[in-house]
Visitor: 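My questions all concern the structure below.
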Amino acid sequence: MKIRKAYIGTEIYPVYIHENKKEEHTLVAIPTLSWSTIITYEEDKGNIEKRLKNEFELKLTEEAPEHLSLKIVQWVTEM
């Protein structure tokens with residue numbers, strides 16, 4: 001498991017990332033937001049970004065949803 005810190009505005013969100021190679025997916029969780037999701041290997045980067053942005057718009061304001069979704073896509077695809 002990897003733990004990253006997302007700096008958004010004045011807030012710091014710890015992001016937990018666990019890659020499950022056997023089942024070919026990655027679990028991403030942000031406990032501060034009470035949020036988690038599973039991203040499969042087959043899922044397209046553009047679709048991941050849109051899905052995450054839509055989910056974060058319910059929990060965050062202004063540019064934060066786009067910024068956080070881009071960071072997560074970058075971290076997940078570099079693994």
Side-chain angles (χ1 to χ4, degrees):
M1 178 180 300
K2 293 187 179 191
I3 303 171
R4 301 279 193 246
K5 291 182 181 178
Y7 297 91
I8 300 178
T10 60
E11 298 291 322
I12 300 172
Y13 298 98
V15 180
Y16 296 80
I17 304 170
H18 174 72
E19 183 178 19
N20 186 329
K21 292 181 182 181
K22 183 177 179 182
E23 295 184 21
E24 298 184 345
H25 68 257
T26 303
L27 170 68
V28 182
I30 305 174
T32 310
L33 298 177
S34 298
W35 177 88
S36 65
T37 192
I38 291 178
I39 300 171
T40 63
Y41 286 1
E42 294 85 31
E43 201 168 351
D44 180 66
K45 281 185 185 182
N47 290 337
I48 297 168
E49 183 184 333
K50 287 178 191 175
R51 179 168 64 88
L52 297 180
K53 184 179 174 188
N54 288 336
E55 292 178 20
F56 293 140
E57 284 176 346
L58 301 172
K59 298 185 177 282
L60 301 169
T61 58
E62 298 178 17
E63 296 179 11
E66 183 175 358
H67 186 69
L68 186 55
S69 62
L70 288 171
K71 281 186 174 288
I72 290 174
V73 169
Q74 178 186 0
W75 290 332
V76 169
T77 55
E78 75 184 13
M79 294 181 80

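Atom set for the values below is all heavy atoms of this structure, side chains included, hydrogens, waters and symmetry mates excluded. Predicted model only: the values in this text are computed from it and were never measured.
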Visitor: Is the number of heavy atoms from other residues, nucleotides or ligands under 6.0 Å of Glu42 CD greater than 12?
Guide: yes

Visitor: To the nearest 0.5 Å, what is the distance between CD on Glu66 and CD on Glu57?
Guide: 9.0 Å

Visitor: Report the residues that fulfil side-chain contact (heavy atoms from CB on, under 4.5 Å) with Lys71, sequence neighbours left out, ordered by chain and then residue number.
Guide: Ala6, His67, Trp75

Visitor: Looking only at heavy atoms, which two atoms of Lys59 and Ser34 are closest? And how far apart?
Guide: NZ-O, 3.8 Å

Visitor: Are Ile17 and Leu27 joined in one hydrophobic group, where the rule is that I, L, V, M, F, W and Y side chains link up if heavy atoms are under 4.5 Å apart?
Guide: no

Visitor: Does a side-chain heavy-atom distance below 4.5 Å link Leu68 with Leu52?
Guide: no

Visitor: Mind listing the closest non-hydrogen atom pair of Ser69 and Lys53 along with its distance?
Guide: CB-N, 3.8 Å

Visitor: Kindly write out the residues that satisfy side-chain hydrogen bond (donor to acceptor under 3.5 Å, both in side chains) with Glu43, not counting sequence neighbours, or none if the list is empty.
Guide: Arg51

Visitor: Are Thr40 and Glu24 packed together at the side-chain level, in the sense that at least one heavy-atom pair is separated by less than 4.5 angstrom?
Guide: no

Visitor: Find out whether Phe56 and Ile8 are in side-chain contact, i.e. whether some heavy atom of one side chain is under 4.5 Å from a heavy atom of the other.
Guide: no

Visitor: At what distance, to the nearest 0.5 angstrom, does NZ of Lys45 lie from CG of Leu70?
Guide: 11.0 Å

Visitor: Just how far is it from atom CD of Glu55 to atom CH2 of Trp35, taken to the nearest 0.5 Å?
Guide: 6.0 Å

Visitor: Any Lys/Arg nitrogen of Glu78 or Arg4 sitting under 4.0 Å from an Asp/Glu carboxylate oxygen of the other?
Guide: yes

Visitor: Measure the CG-CG distance between Leu60 and Leu33 for me, rounded to the nearest 0.5 Å.
Guide: 5.0 Å

Visitor: Hey, what do you get for CD1 (Ile12) to OG1 (Thr32), rounding to the nearest 0.5 Å?
Guide: 10.0 Å

Visitor: Rounded to the nearest 0.5 Å, what separation is found between the CD1 atom of Ile30 and the OH atom of Tyr13?
Guide: 8.5 Å

Visitor: Checking side-chain contact (heavy atoms from CB on, under 4.5 Å) against Ile39, which of Asn47, Thr77, Val28 comes through?
Guide: Val28

